[in-house]
Undergrad: 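Structure in structure tokens, see below.
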Amino acid sequence: MEIKFFKTKEECSKFASEIIVNEIKKKSNIVLGLATGSTPEILYTNLVNEYKENHISFKDIITFNLDEYVGLRDLDKKQSYRFFMDSNLFNDIDIKKENTHFPINFLDKATKKDYSEYDALIESFGGVDIQILGLGVNGHIAFNEPGSEINSKTRLISLTESTIKANSRFFEKEDYVPKEAVTMGIATILKSKKIILLAFGQQKKEALAKLKNANSFDKNWPCTALWNHNDILIVTDIEL
Ligand code: F6R
């Protein structure tokens with residue numbers, strides 16, 4: 001596990017975006033796993049700038065987002081993670097929208113039960129080359145909430161009170177935060193060839209410390225699943 005500390009989230013995001021751009025230069029059809037939320041916003045702005053100013057092309061890139069809310073009110077459609085990605089990245093670069101994937105669209109049609117078609121599609125592209133992750137205050141990665149199993153695949157999950165509270169800042173009322181989401185599983189995430197976890201702000205310190213000090217998986221802190229991934233880079237403004 002490599003940990004890179006910078007004083008500001010701007011410096012962290014610059015460092016992370018440079019890695020991604022370098023990888024795109026090496027492999028134009030790279031498969032990226034993408035997170036939403038406040039954490040990757042500057043990173044995505046940097047990528048847009050790379051496209052506009054330095055002519056980095058995203059036209060052959062494939063993306064898989066980590067998660068999506070289920071049960072958003074019509075009035076809150078702008079809180080969907082598809083909307084977030086379109087407005088923070090996809091609409092401003094030359095990516096093909098058909099190459100961008102969200103787990104919510106992969107409910108198994110026969111059983112109407114699971115979303116494992118998403119994992120199968122990721123595999124069919126040769127797996128995720130670089131997975132960007134944020135970190136929940138409660139240690140979640142994607143929406144793998146505490147209690148998630150290490151072998152979990154893409155699936156429907158109930159959001160915890162802590163996550164609903166944390167995400168209520170984007171909604172008029174806490175009541176309007178969806179209670180469920182579809183999330184890539186922990187096993188799905190662990191298959192990524194490279195993982196870049198961004199963690200900003202003191203409120204993430206406890207979760208980050210759990211990961212840093214982990215020497216096994218603790219399902220109460222899902223982020224600890226990353227402890228022995230063979231290519232995990234943590235970029236943070238939190239001094240541990
Ligand atoms: C979002 C996601 C979540 C967030 C986490 C942190 O796609 O996967 O795990 O990364 O909830 O959210 P922010 O960045 O808003 O603090």
Side-chain angles (χ1 to χ4, degrees), residues 8-10 12-13 16-17 32-46 63-70 72 76 78-90 100-105 115 118 122 128 130-148 152-171 174 177-190 192 195-208 210-211 219 221-226 232-238:
T8 65
K9 58 185 178 184
E10 285 76 15
C12 292
S13 306
S17 52
L32 295 178
L34 299 176
T36 57
S38 309
T39 306
E41 280 177 352
I42 304 170
L43 170 73
Y44 294 152
T45 304
N46 293 348
T63 66
F64 288 93
N65 263 80
L66 285 170
D67 39 21
E68 180 60 281
Y69 287 124
V70 172
L72 273 172
D76 290 324
K78 288 192 173 169
Q79 298 309 328
S80 81
Y81 289 168
R82 158 61 76 184
F83 186 89
F84 175 97
M85 289 310 305
D86 284 347
S87 48
N88 283 279
L89 183 65
F90 298 156
T100 65
H101 306 95
F102 288 78
I104 196 163
N105 302 321
Y115 291 81
Y118 198 57
I122 296 172
V128 168
I130 306 182
Q131 175 66 59
I132 307 297
L133 288 181
L135 180 63
V137 173
N138 64 1
H140 71 213
I141 46 172
F143 275 139
N144 292 287
E145 296 281 39
S148 294
S152 53
K153 302 269 178 59
T154 302
R155 67 202 188 287
L156 187 71
I157 190 155
S158 298
L159 299 178
T160 60
E161 277 309 308
S162 148
T163 298
I164 291 172
K165 210 169 254 332
N167 289 7
S168 64
R169 68 191 193 279
F170 298 113
F171 293 82
E174 195 175 307
V177 183
K179 309 283 179 283
E180 291 181 319
V182 181
T183 182
M184 251 192 219
I186 295 183
T188 321
I189 293 171
L190 288 177
S192 312
I195 296 176
I196 303 178
L197 179 131
L198 302 171
F200 305 149
Q202 288 306 308
Q203 73 280 15
K204 309 278 176 80
K205 188 168 182 165
E206 188 182 7
L208 192 60
K210 293 279 178 195
L211 168 55
K219 68 159 105 162
W221 292 92
C223 57
T224 57
L226 304 170
I232 161 105
L233 169 66
I234 297 168
V235 189
T236 185
D237 64 358
I238 306 164

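Heavy atoms only: backbone and side chains are in, while hydrogens, waters and symmetry mates are out. Whatever order the structure lists ligands and atoms in, that order sets their numbers, starting from 1.
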Undergrad: Indicate yes or no: does Arg82 engage Glu68 in a salt bridge with an N to O separation below 4.0 Å.
TA: no
Undergrad: Quick check for you: to the nearest 0.5 Å, what is the distance between Tyr44 atom OH and Phe90 atom CZ?
TA: 7.5 Å
Undergrad: Report the part of Leu66 (side chain from C-beta onward, or backbone N, CA, C, O) that has a heavy atom under 4.0 Å from ligand 1; answer both or neither where that applies.
TA: side chain
Undergrad: Between ligand 1 and Arg169, is the shortest N or O to N or O distance under 3.5 Å?
TA: yes
Undergrad: Any N/O of Ala142 closer than 3.5 Å to an N/O of ligand 1?
TA: yes
Undergrad: Which heavy atom of Ala142 sits nearest to which heavy atom of Ile189, and what is that distance?
TA: CB-CD1, 3.9 Å
Undergrad: So does Asp67 get a backbone contact from the side chain of Thr183, meaning a donor-acceptor N/O pair under 3.5 Å?
TA: no
Undergrad: So between Leu135, Asn144, Asn138, whose heavy atom ends up nearest atom 6 (C) of ligand 1?
TA: Leu135
Undergrad: When the ring centroid of Tyr81 is compared with that of Phe102, is the distance short of 6.0 Å?
TA: no
Undergrad: Considering only heavy atoms from C-beta outward, does the side chain of Leu43 approach that of Ile132 to under 4.5 Å?
TA: yes
Undergrad: Where's the contact between Asn167 and ligand 1, heavy-atom distance under 4.0 Å: side chain, backbone, both or neither?
TA: neither
Undergrad: Provide the closest heavy-atom pair for Arg169 versus Ala166 in the form atom of the first, atom of the second, distance.
TA: NH1-O, 2.7 Å
Undergrad: Does Met184 have a non-hydrogen atom less than 4.0 Å from ligand 1?
TA: no
Undergrad: Which bit of Asp67 is near ligand 1, meaning a heavy atom under 4.0 Å away: side chain, backbone, both or neither?
TA: side chain
Undergrad: Any idea which atoms of ligand 1 are less than 4.0 Å away from a heavy-atom of Gly134?
TA: 10 (O)
Undergrad: Under 4.0 Å from ligand 1, counting heavy atoms only, is it the side chain of Glu145, its backbone, both or neither?
TA: neither
Undergrad: Enumerate the atoms of ligand 1 whose separation from the nearest heavy atom of Thr39 is less than 4.0 angstrom.
TA: 13 (P), 14 (O), 16 (O)
